[in-house]
Amino acid sequence: MMQINLLPWRERRREAMRRAFVMQIVLAVVAAIFVVMAAQKLLTQRLARQEEINRTLEQHIADLDTRVAEVGHLRERQVAVRDRMRVIADLQLERAAVVRVFDELVRSLPSEVYFLTLERAGDVILIEGVSESYAGITQLMRRLEDSEEFDNADLSDIATEASETVDESSLFIFNLRVELASAARGGDQMPDAQGGASDG
């Protein structure tokens with residue numbers, strides 16, 4: 001009976017299988033390396049794109065911050081301009097009010113009364129004057145209270161002094177305070193007026 005030796009065939013088959021296995025492992029490793037390199041490249045590209053987007057956003061944010069700062073400065077300048085305009089308007093009103101006050105004081109002055117000093121303290125005018133009669137003082141107070149520019153005329157002090165020019169009569173020296181009805185608050189002090197004139 002004839003015997004067949006299968007050992008070389010089996011060895012060759014085992015060697016072929018081992019080579020195929022090694023080849024598969026090498027192919028798998030190469031494929032894995034390729035996949036890793038492709039993924040790394042893709043991630044690097046995405047990271048670079050994201051960094052570029054971040055730089056663009058940072059630039060836009062910096063531009064917006066600059067614009068916001070400019071808007072803030074513009075608002076501050078706008079507030080400053082409005083304040084200046086308000087101050088100018090208040091000064092114009094105050095100037096007109098001073099003219100009206102002086103005009104009304106002159107109109108309210110009886111012929112036998114004249115002022116020695118005028119002083120403004122806030123919304124109050126302090127008047128020191130001389131009258132030839134008590135009726136003149138009363139008439140002055142009544143005219144001041146009837147005026148649209150003044151309120152609450154109050155006679156704080158009155159004294160008599162012998163007249164050197166009027167026979168057998170005395171002069172009345174008085175201190176009078178009167179409030180401004182519509183004066184702007186916080187105005188400058190009205191300068192004192194010395195030696196006022198009389199109407200007659």
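What's counted below: heavy atoms across the whole structure, side chains too, no hydrogens, waters or symmetry copies. Note that the structure is predicted; figures quoted are calculated from it, not measured.
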Looking at every non-hydrogen atom in both residues, tell me the closest pair between Pro110 and Gly136 and how far apart they are. CG-O, 3.5 Å
Would you indicate whether the side-chain heavy atoms of Val130 and Phe115 approach each other to under 4.5 Å? no
Can you confirm whether Asp157 sits close enough to Leu176 that some side-chain heavy atom of one is under 4.5 Å from a side-chain heavy atom of the other? no
Can you check side-chain contact (heavy atoms from CB on, under 4.5 Å) on Thr160 and Leu171, steps first, answer last? CA-CA 6 Å; Thr160 58; Leu171 296 177; over 6 Å; no
Do Leu180 and Val101 have side-chain heavy atoms sitting under 4.5 Å apart? yes
Between Glu145 (side chain) and Ala153 (backbone), is there a donor-acceptor pair under 3.5 Å? yes
Between Glu104 and Arg100, is there a side-chain N and carboxylate O pair less than 4.0 Å apart? no
Shared hydrophobic cluster for Val29 and Met37 (ILVMFWY, side-chain gaps under 4.5 Å): yes
Point-to-point distance, once rounded to the nearest 0.5 Å, from CD of Gln139 to CG of Leu144: 10.5 Å
Decide, yes or no, whether a salt bridge links Glu70 with Arg67 under the criterion of side-chain N to carboxylate O below 4.0 Å. no
Nearest 0.5 Å, what's the CG-CD distance between Asn152 and Glu179? 4.5 Å
When you measure from the side chain of Ser147 to the backbone of Arg143, do you find a donor-acceptor pair of N or O atoms at a distance under 3.5 Å? no
Donor-acceptor pair between Asn54 and Gln50 side chains, under 3.5 angstrom: yes
Do Asp103 and Arg107 come within less than 4.5 Å of each other through their side chains, counting heavy atoms only? yes
Is there side-chain contact between Val178 and Asp151, with heavy atoms separated by less than 4.5 Å? no
Mind checking the CE-CD spacing from Met17 to Gln24? Nearest 0.5 Å is all I need. 9.5 Å
Measuring from Arg142:CZ to Ile137:CD1, what's the distance to the nearest 0.5 Å? 12.5 Å
Does Val124 share a hydrophobic cluster with Phe150, counting links as ILVMFWY side-chain heavy atoms below 4.5 Å and allowing steps through other members? no
Do Glu11 and Arg14 have side chains that get closer than 4.5 Å, going by heavy atoms? yes
Can you tell whether the side chains of Arg86 and Asp90 come within less than 4.0 Å, N to carboxylate O? no
Single-linkage hydrophobic cluster Phe174~Leu126, side-chain heavy atoms < 4.5 angstrom: no
Hey, could you give me the CG/CG distance between Leu42 and Leu47, rounded to the nearest 0.5 Å? 11.0 Å
Can you find a pair of side-chain heavy atoms, one from Glu15 and one from Arg12, that are under 4.5 Å apart? no
Run the side-chain contact (heavy atoms from CB on, under 4.5 Å) check on Phe172 and Val113 step by step: do they pass? CA-CA 9 Å; Phe172 293 87; Val113 179; over 6 Å; no
In the structure I gave you, are the side-chain heavy atoms of Gln59 and Arg55 within less than 4.5 Å of one another anywhere? no
Quick check on Gln45: does its CD atom have over 12 non-hydrogen neighbours (other residues, nucleotides or ligands) under 6.0 Å away? yes
What's the spacing between Lys41 NZ and Leu43 CG if we round to 0.5 Å? 12.5 Å
Taking every non-hydrogen atom, the tightest pair across Ser108 and Leu140: O-CD1, 3.4 Å
Would Val35 and Leu27 show up in the same hydrophobic cluster when neighbours are defined by side-chain heavy atoms closer than 4.5 Å? no
same_hphob_cluster(Ile125, Val99) at 4.5 Å side-chain heavy-atom cutoff: no
Between the side chains of Glu112 and Ser131, is a donor N or O closer than 3.5 angstrom to an acceptor N or O? no
